[in-house]
Amino acid sequence: MASKIIIRQFLLIFFIVLLSVFSGCKEEDTSESYYVRFNLNGTDYEFTYGISKDEYGTIYSGDASGFRTKDEGIYSGIYIVAAPSPIDLNDTIITYCSLSIADTDGTYSGSEPTHIKIDGTVVWECDGGTSYTVTKLGNFGGVISGTFSGVDTTRESTVTDGVFYVKRLQDNVTEF
């Protein structure tokens with residue numbers, strides 16, 4: 001009888017140890033989360049998707065993204081785009097945030113058009129009044145990150161607390 005009790009206690013302890021070992025073995029999530037976050041007139045937004053297909057049919061991951069444009073283009077530099085759903089550049093894009101920024105790290109005021117469209121309507125557009133800080137400008141496959149803010153005096157709208165952390169795509173995803 002005593003041996004049965006000892007065996008049961010041993011099995012119970014073994015089961016508890018085994019359970020604790022396996023419950024602590026979670027698989028790590030190594031995927032990165034790309035985003036553009038901002039506050040527009042008191043409302044917080046977070047867009048985590050970007051280009052999923054370009055005009056030439058090239059397929060991308062659909063993450064919030066940025067790419068370098070051609071030097072001879074109208075808006076040369078880094079272009080960042082994010083939306084609440086994946087973007088096919090062959091379709092009409094209803095809601096998105098696009099930022100045109102210089103091709104270097106640092107802090108500056110933007111002179112290229114930067115705008116946010118919600119449900120088909122431009123709700124914020126700054127041409128020369130946007131403040132940017134680019135904290136990281138990674139190579140292809142890396143990250144572009146930084147902050148932005150600005151006031152659209154025409155629409156009387158303000159963006160504060162803007163931050164971007166996007167995947168860098170190949171150069172010249174689209175021409176401007």
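Residues that satisfy the salt bridge (Lys or Arg N to Asp or Glu O under 4.0 Å) test with Asp88, not counting sequence neighbours, are absent from this structure. Checked against side chain to side chain contact (heavy atoms under 4.5 Å, CB included), Ser85 has no partners two or more places apart in sequence or in another chain. With sequence neighbours excluded, no residue forms a ring-ring contact (aromatic ring centres under 6.0 Å, His included) with Phe148. The side chain to side chain contact (heavy atoms under 4.5 Å, CB included) check on Thr48 picks up Tyr35, Glu46, with sequence neighbours excluded. Taking the ring-ring contact (aromatic ring centres under 6.0 Å, His included) definition, one finds that Tyr45 meets it with Phe38, sequence neighbours left out. Not counting sequence neighbours, Asn41 has no partner by the side chain to side chain donor-acceptor pair (under 3.5 Å) test. Remark: Tyr49 pairs with no residue by the ring-ring contact (aromatic ring centres under 6.0 Å, His included) rule, at least two apart or across chains. Take Thr160 and apply the side chain to side chain contact (heavy atoms under 4.5 Å, CB included) test, not counting sequence neighbours, and it matches Asn39, Thr158. For Ser52, there are no side chain to side chain donor-acceptor pair (under 3.5 Å) partners two or more places apart in sequence or in a different chain. Under the rule for a side chain to side chain donor-acceptor pair (under 3.5 Å), Thr147 has no partner lying at least two apart in sequence or in another chain. Here Asp91 pairs with nothing under the side chain to side chain donor-acceptor pair (under 3.5 Å) rule; sequence neighbours left out.
Contact check for Val123 versus Ser157: no side-chain heavy atoms found under the 4.5 Å cut-off. The shortest distance between side-chain heavy atoms of Val166 and Asp63 does not fall below 4.5 Å. In this structure, Ser98 and Tyr79 have side chains that are in contact, with non-hydrogen atoms separated by less than 4.5 Å. Side-chain contact check for Asp152 versus His115: every heavy-atom pair is 4.5 Å or farther apart.
With values rounded to the nearest 0.5 angstrom, Trp124 atom CH2 is found 8.5 Å from Leu40 atom CG.
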